[in-house]
Structures are given as structure tokens and as C-alpha cells.
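Structure, as C-alpha cells:
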Amino acid sequence: MILKFTFPLEDSVRETLESENEKTVIVSIVGKSDLRSLGSKGGPADETCDRQVFTTSRPPKVPSKSLVLIEGYHDKANKIMFLHLRSPYDSSHFAEIVEQEDDDSKSFQELLSECRAQQAKAMLFLLTISHIVILSSPSPRFETQYLQLFRTLDQIRQKAHPLIADQLHKIPGVSADWTAQQRMCTPRLLFYFLSNQLDANKDLKKLEHSMEDQIYRQLRRCRIITNSTTLSLFAIPPNQEFVFIEDQDLNVLDKTQQAVNRALRFCFGDCAEKTDNNHLLPRNVHRFKEFLLEHVNTAFGKGFDDSLGRHTNTAHFEIPPLSVWAVASSAIYKVLLGEETNSKQRQVLGLLSNSFNVSIRFSEARCKKVLPMAFAAYQEGLPTHYTKAYHEGRLAFANSVFLQHARGPSCSKYIADLKQMCDEHWHDGRQMCEVLSLTGNPCTQPLHLNVEGEEPCETALSKSDPLSTMPHSSGVRYVSTCNCGRKQGPREDPFVLRIANCEFYAALAVDCCSSLHSLTFPVFEPSIDDFKAARVAVDEQPRKDSFRAVQEQKLSLGGTLSEMEDATRFKQRDGFSDQSLLLQMDDLCLDPGKEKGLLRQASTTEYLPGMLHTASPAGLLPQFPSWSLVCLGPSSVYSHNHGLTDQAGFLPGSAYLLPWDVTVRFEPSEMGKKCEAKWTSIGAGGVNIPASPNQQRKFGGNVNKRKTKVGKDHIEFALKIFIGVEYECPRGHRFMLSSPDKMLKASGAGIVKETGAKIVSNDMPLYCLCPCNKNSKPLLAQLMRIHVVTPKAPVYVTLNPRVQPAPDPCPVFVSGFNEPLVLTQSAYWILRLPFVYMAEQNLYRMPKETVPLNYGRLLAGCYSIIPEATTF
């Protein structure tokens, strides 16, 4: 009966072996194999048994927990029990272990150490239960790493002696000497080398003897073998060959070659072999079978006594019945490769594992010593509370300190521990609120609950510990100017839109511009107490711009734009410059009976959560105004020779407005003939002065000074309007621009050479560099005010501000009126723009770095002129 089995022995196999009383020599095969061998080193057993014993195209699966597999085969003909070890030393098996490893927390060094430990346990087990151990190698050279392995196994063997002796003492049939020595004999170690690259004419015997000398010297030098084999891990036969070099790889399974060899053996027996030139020749006497059987016969004869010297004791040697060996080997397997059941066993096997974890243990000790140093580096100079970015920066610094001194595979584990320690230290009352202000600065208060109206901190809401309630504060302070521009004051970094665009300016206006005439912007007026913010859907119908909208689109506050344009339409005359306007008589004489569009009532129960813009849903208004339009007084308040004398914070040479020269031409139409009684008669001889004193005052008293020309079918005169676009930086510096890319700079005598033509006809940047940052980090200034000095003439200047604070798809923010803002005549008006632009769901912050001029824009078309309908 052919018997193949694996360890640990199954019940059926154990019963079969226990029924065998024949004495058998135990031969174990250990070592390494290459990828082609599929984990098999069974060539010696295959050749000895003349059959494929352990070499197969489908190798057995090695248990993932033990990492090793011990196969057995009983050769009854030769009375040999072959044991074959599949371990991580086999290249194919180790590759499979690495591929199937699913523990990401285990480093490669730790996996390699675990494989080496399991390999050592299996080799110690086979050295304990075997008579002969064959060390196989895929190349004809002895690897010196085995020397350290043998020394370790010898030390652990002595430590495990009591454990093994206790198990053997309980087994019937085990002799006292076997129990005392914990093994049947000191096993002989034979070396089996494979090579398919040797020269056929090379003397293998000479090479084998040379390797025997080298191996023997190294083993003796390292004191792995001594004169007394009783104390050694294994023995080397002094008078027999112990190195065999195979000139072909028998472990590699070639199906064609194996089939041919079997056919040759069937036809010619063992006296012939297949050669490269397909000739049948007498088989070479250099065979491993004869090499092995020589040692087996010695074991069955006088036994092994490989001790040297005169005063050495005779080494113990016995070949027990197979039944006794089966029980003893199972007991020893439980001690060395089974589950750890007692503290002594765990201690011994722990020493074995630690001996292969030298680099890991060194790394552990080093990392434990460096960890407190790295944590101290993190704690050094910490503020009372700090942001996540600061925490991560300090953590990165602590990691660099740790990695500078730590070594080995345990670094990743202790870096995770360091991160956990630093995170716990930060979470222990040192977290900062970090809610961003409307300008992008984080709140510097400790973690807290927000007051009503402010954005809550998600981290604070998730905390189970009670936290204090306080307003957000970033610690950043700006200098800003009031609505009229006459007073400056410090302001806290805003976290609420109402404070940013409304309440701060209202507080400054109490002592400055509260008495000035101002325009009331449309805001939400609730009709119930439980009003709420509207839920703005994505598919809401968008609001159109107040002046450039599609004519049929209704606005949020009133009728169609076509109705408004009927009252304010003006045309540009062919042949005139960009500053020449042509106004027809039907523009001046409005039909009072013309039907007006119905106004849509704004919601009184829901308000718009943000500012008005072109994409806002119709019928919703914000709770507070973000814009301001105030009148400083009559146009005489501004002197073009002296500039802005009562405005604070302006940079030298920039406190001037730009003149905008406009030529206005009135032409009566057929409709306007009905209103001819309101006009003075125009003679063929030239210009007739208006007969009525009231009409004369309407034109400024002196028509020649106004450059007024009255023709047969038109009236033409020139206007001078003063405008300015003012920018303000966070430090309170104010200045004007004369064009989209140029700052206004008057000469020393206060002479301004530029005009306002470029301001009127171009988009103006919302952000530009402030001149105050020449020697420091670039600082951006924001467009905050539009200055307009209206003329004393029968026309109105209108403003239609439309601001796009960021590139598309950013919406265009508008004031909220259906029609352009109409400024009274001969007055000084200032339109203050929002400090922060915020839609229902998006906040458009002021950039921190320099951006292109077209990043944010005040769109062209802001300024226009309409006739005074009641003038004539």
C-alpha cells in the first residue's frame, strides 16, 4: 500500500502508521527551490523511489496560517519514510504568500520575519524526528545565511528540550535515551545541489569534494558541528560523502521528458537513459539514489556515530518502529508547530520568533525612544488654541523629527501612534473654531457655539462636551469709510452679511451722513411675524438686469422694461462722437394717458437669503440693503481746482473727479409738434433767446456760456459731468482710476489731464492693486464708490450699477430697482457699492492674490442721460 500524508497526521493516517511495526529510516528534504519547481524539492525522493512522489504540476495548497506544509511518503521497498517541507524558502510559495496577504498594516519586513520563524520551526521539527536531513539548493553554492539559522535552531533546541522530553516521556515504546536526547539520533545533514549549467566534461567528484571542504570548515568555524555529535544540532559524516551535485534539474516537471524516461525505463530498465543526441547510453553511475542508499544502509547497519576524538561519548542512535515514531512525531509537532497552550511553550517559541525579528525589535526599541522626542517637538511653542492647518504643520514637523532619528520597519506604526497622540492633544480643548469670515479669514476663538445669524461650526455641533456661546472673531481689523466718504473707522472682520454691507455703515452714518438725503433701496417688508428665508430652487426663473434685460422679461419689483424704455429711450446720432446724444421730442413729451404696466407685489412672507442678482427668483427681496446712494449737496460742493477736500484717506494726487463732456441734441418729431408752444420760436436768422425768464433759467441763464445752439429743427448744447470710480484697500487707502488699468494722478498744480470717457465706455475692474504695497505683499483694493456731480441742465444723469464679482458663471449683482437710479440735477451724489457679494448659496470673496483686471467687473453701461420731461 502506498502511503502519502501531511502533518499534522489525520486519524486514518495515524492508525495506519501505528499498525506498522517495521523499522524505517526517516529522511527529510528541506531547503530552497526556484519558481519553475512550483515549491518542490522532491527530486531525490522521486529518483530513489523511481516515481513522482513530491513533484507534481498541481502542488498542494499550503495553509495560510502556518505558512508551511510537511508532506510524507512511505517507501516500503527501501524502508524509508520521506518527509518533504514546502515553506516560504520556496520561491513560488513565497510569491503566493505575498500575493494573498490581505493585512495592509503588516509591513514586508514583518511578513518576511514571520515566514522565517515558521520555516525555522518546521526545520527544527524535522531535525528532531529524522535520521537524515537533505538540504536542497537550486544552485551549486552553499548560502552562508544558513549558518545563522543553524545557530538559532541549536539554541532553541536546548530551550525546548524540557517540553519535548515531557511529551516523549508519556509515549510507550520511547526509550530513555531518546527521551533524554529528545531525538532518535543526531541527524546527518546531506547537501543536494542542482545545476543544469555545468560542463559535461567537468569532474563532478572533484567539485563535490571541494564544496565538502568549504562547508565543513565554515560549520566548524561557527561551532555548529563539534567533536561530540551529542551536543550538536546535526552531524557531518567524517568518512562518507555528504555533498551531491545533480547535473540536471529533476525538480522541474517536463511532461514530455518524463514520458520518454518512463518509456525508456520500461524498455531497457535502469541501464539506459535519454541523452541530448537521442542515443541510448549506459546510465551514469553518478546517481543520487546510490548516494542516499549508502547512508541509509549505514543507518540500518552500525548506525551513525560521527563524533571525533578519543574522549567523546558514543552517540545515541536508534531506529524505532514506525508505530512509535508516528506517535512521537505527532507529539513533537504539537509542541513546535501546534497551538501555544502554556506559558513555557509561548516563551520558547517567542524566543525563536524574536531571533528572526532582530531588525524589527531594534526598530521597535528605537522608535519607542524617539516617539517622546517627536511629541515634545509638536508641543513646543503651541498657542492655547490653533487651526487644523497649524496642527497639520506641527504634525509634519514632528514627523520629520521622528523620521530623522527612527529606523526600521516599525516607523509607519509609530508614525500612526504619533499622529494619534498629536490629534488627541489638539482635540483636548485646543481646537480653533475655524469658521471662515466673509473675507476668508478663520475665526480665532476657541471651539464654541455660534450666536444667532452666524454660520455654525460643524465640529462644535458634533462635540458632546458643553461649549460656550460667543460671536465669531478672526482678530483681523480693517479701515473702512462711511457712505459719504467723509469719515473712516475701524471695522471687525465680518462674519454676517448684514453687518458687512449694512450695519457697519449705518453705525458710521450716525455721526456723519445720517442727515444727508439718501435713496431708500427696496427691501423685504414682512406682513407676518413668522416670516422666513425662501428656499431658492435651482430651476427658479432668474431675474434679469434692470437696464440690459430682454424687454419682455418682468422684473421683481414692477412692470416690463419696454414700458420703462418708452420713458427713457435715447438714440445715438450718426456722425456724432460717443459723447453726443440725440433726444427726440417724443422722448420729452410723454403721453400721460399711456397705459402703465401692472406692478408685481413682492413677497411679504419670505425674504431672499442673500443679495439681488440676475439669477435671483422674481418676487423676493433681501432683508437689508447692501447698496447706498447719498447726496452730499449741490454740485458746488466739488471744486475741480481743489478736488475732494473733505474726503478722508485719499492718496496724494488722486482726490479728483474726471470731467465727462457730453453734447446733447434735441430734435422735435411729429409727436413733439404738439408741444411746440413750450418751445421758443426759432427764426431763420439764427438763435433766438428764450422769451420766458423761467425758460432762460432752465438753460443756465446765459445760453452762450452753455454753448447752446438753437436751430430750425433742433437744440444742441454741451454738458460737463464729473464722475469718479473710487477704490479702497483694507488699510483705508483710497484712490481713483482714470482708466481700467491706470490710477488717476493729478499734477502738482492740481491739473487733471484725463477725462471720464474711458470710465464710461469700458468695464471697470472690481479689484486692483493698491499703490501702498510697493515694499510688502501685494494688497488688493476694491471698487467701493461711484462719484457723480450732475450738471445744471434739463437732463438727468442715471446710474445702473451691475457688478460681476467673479468670472462666469458668477451672476451679475444689481441694485434691485427696475429702472436706473435717477440723480437730481446740479448735485453731488455718491453710490456706495457692497463690501461683500453673496448670492443665495455662493459667496464671492475678495481674492487674496493678484488677479487679472477682468476677474471682477463693474459692467459698462452704468452711466446714462435722460431728458427732463417736464422741462419744456
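Contact of the L658 side chain with the T755 side chain is not registered, since no non-hydrogen atoms from C-beta on lie closer than 4.5 Å. Between C502 and P625, some side-chain heavy-atom pair lies under the 4.5 Å cut-off. Side-chain contact between N800 and T798 is absent, with no heavy atoms from C-beta onward closer than 4.5 Å. Looking at S474 and F495, their side chains come closer than 4.5 Å, going by heavy atoms from C-beta outward. The shortest distance between side-chain heavy atoms of I786 and C862 falls below 4.5 Å. Between Y837 and M611, the closest side-chain pair of non-hydrogen atoms falls below 4.5 Å. With a 4.5 Å cut-off on side-chain heavy atoms, L608 and S616 count as touching. Between K792 and Q825 there is no side-chain heavy-atom pair separated by less than 4.5 Å.
Between M764 atom CE and L853 atom CG the span is 9.0 Å, to the nearest 0.5 Å. Atom CD1 of I830 sits about 5.0 Å away from atom CD of Q647, to the nearest 0.5 Å. To the nearest 0.5 Å, the span separating CD on E503 from CG on L497 amounts to 10.5 Å. Distance check, rounded to the nearest 0.5 Å: SG of C768 to CG of L780 gives 8.0 Å. Interatomic distance, CZ of R731 versus OH of Y478, reported as 11.5 Å (0.5 Å rounding). A distance of 13.0 Å separates NZ of K487 from OG of S480, quoted to the nearest 0.5 Å.
Using a distance-only test at 3.5 Å, with no hydrogens or angles considered, no donor-acceptor pair links the side chain of R857 to the main chain of A806. D661 places no side-chain N or O within 3.5 Å of a backbone atom of K720 that could act as its donor or acceptor partner. In terms of modelled atom types and a separation under 3.5 Å, the side chain of H448 and the main chain of M470 share a donor-acceptor contact. Using a distance-only test at 3.5 Å, with no hydrogens or angles considered, no donor-acceptor pair links the side chain of K388 to the main chain of Q431. With S654 contributing its side chain and M736 its backbone, the two residues share a donor-acceptor pair below 3.5 Å. A donor-acceptor contact shorter than 3.5 Å links the side chain of T790 to the backbone of T824. Of the possible donor and acceptor atoms, none in the side chain of N450 sits under 3.5 Å from a partner among the backbone N and O of H472. Checking side-chain atoms of Q782 against main-chain N and O of P730 turns up no donor-acceptor pair under 3.5 Å.
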Review point. Would T439 and N441 satisfy side-chain hydrogen bond (donor to acceptor under 3.5 Å, both in side chains), going step by step from the backbone distance to the final call?
Key: CA-CA 6 Å; T439 59; N441 299 308; 3.2 Å; yes
Practice item. Could you please spell out the steps behind the side-chain contact (heavy atoms from CB on, under 4.5 Å) verdict for S628 and S518? Key: CA-CA 7 Å; S628 172; S518 61; 5.6 Å; no
Practice item. Report the C-alpha distance between R491 and Y505 in whole Å, list the side-chain angles of each, state the deciding distance to 0.1 Å, and finish with yes or no for side-chain contact (heavy atoms from CB on, under 4.5 Å). Key: CA-CA 10 Å; R491 71 181 302 169; Y505 296 102; 3.3 Å; yes
Practice item. Would you sort out whether L621 and L612 count as a side-chain contact (heavy atoms from CB on, under 4.5 Å), showing the intermediate values? Key: CA-CA 7 Å; L621 291 175; L612 282 169; 4.2 Å; yes
Exercise for review: Show the numbers, then the answer: is there a side-chain contact (heavy atoms from CB on, under 4.5 Å) between L438 and R845?
Suggested key: CA-CA 7 Å; L438 298 182; R845 293 187 174 93; 5.7 Å; no
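Between L737 and the choices E754, K742, M743, E726, the side-chain contact (heavy atoms from CB on, under 4.5 Å) rule is met once, by M743. Between R785 and the options L831, T481, L833, a side-chain contact (heavy atoms from CB on, under 4.5 Å) holds for only T481.
Under the 3.5 Å distance criterion, with hydrogens and angles disregarded, no donor-acceptor pair is assigned to the side chains of Q445 and H385.
The local environment of NZ in K848 is crowded, with over 12 non-hydrogen atoms from other residues, nucleotides or ligands closer than 6.0 Å.
Minimum heavy-atom separation, S437 to P494: CB-O, 3.3 Å. In terms of heavy-atom proximity, A839 sits nearest to H613 at CB-NE2, 3.6 Å. Closest non-hydrogen pair, P811 versus P805, comes out as O-CD, 3.9 Å. Contact record, R477 with P490: NH2-CB, 3.4 Å, taken as the closest heavy-atom pair. The heavy-atom pair separating P791 from I721 by the smallest distance is CD-CG1, 3.8 Å. The two atoms that bring P807 and Q804 nearest to each other are C-NE2, 4.3 Å, heavy atoms only.
When ring centroids are compared, Y727 and Y767 stay outside the 6.0 Å threshold. Aromatic rings of F504 and F835 (six-membered ring for Trp) have centroids beyond the 6.0 Å cut-off, not under it.
Between F521 and W627, the two ring planes are parallel [angle under 30°; tilted spans 30° to 60°]. Between Y828 and Y638, the ring planes lie perpendicular to each other; the angle is over 60°, past the 30° to 60° tilted range. H640 and Y656 have perpendicular rings, their planes meeting at more than 60° on a 0 to 90° scale where under 30° would count as parallel. Taking the six-membered ring where the residue is Trp, H517 and W829 present perpendicular rings, their angle passing 60° and hence far from 30°.
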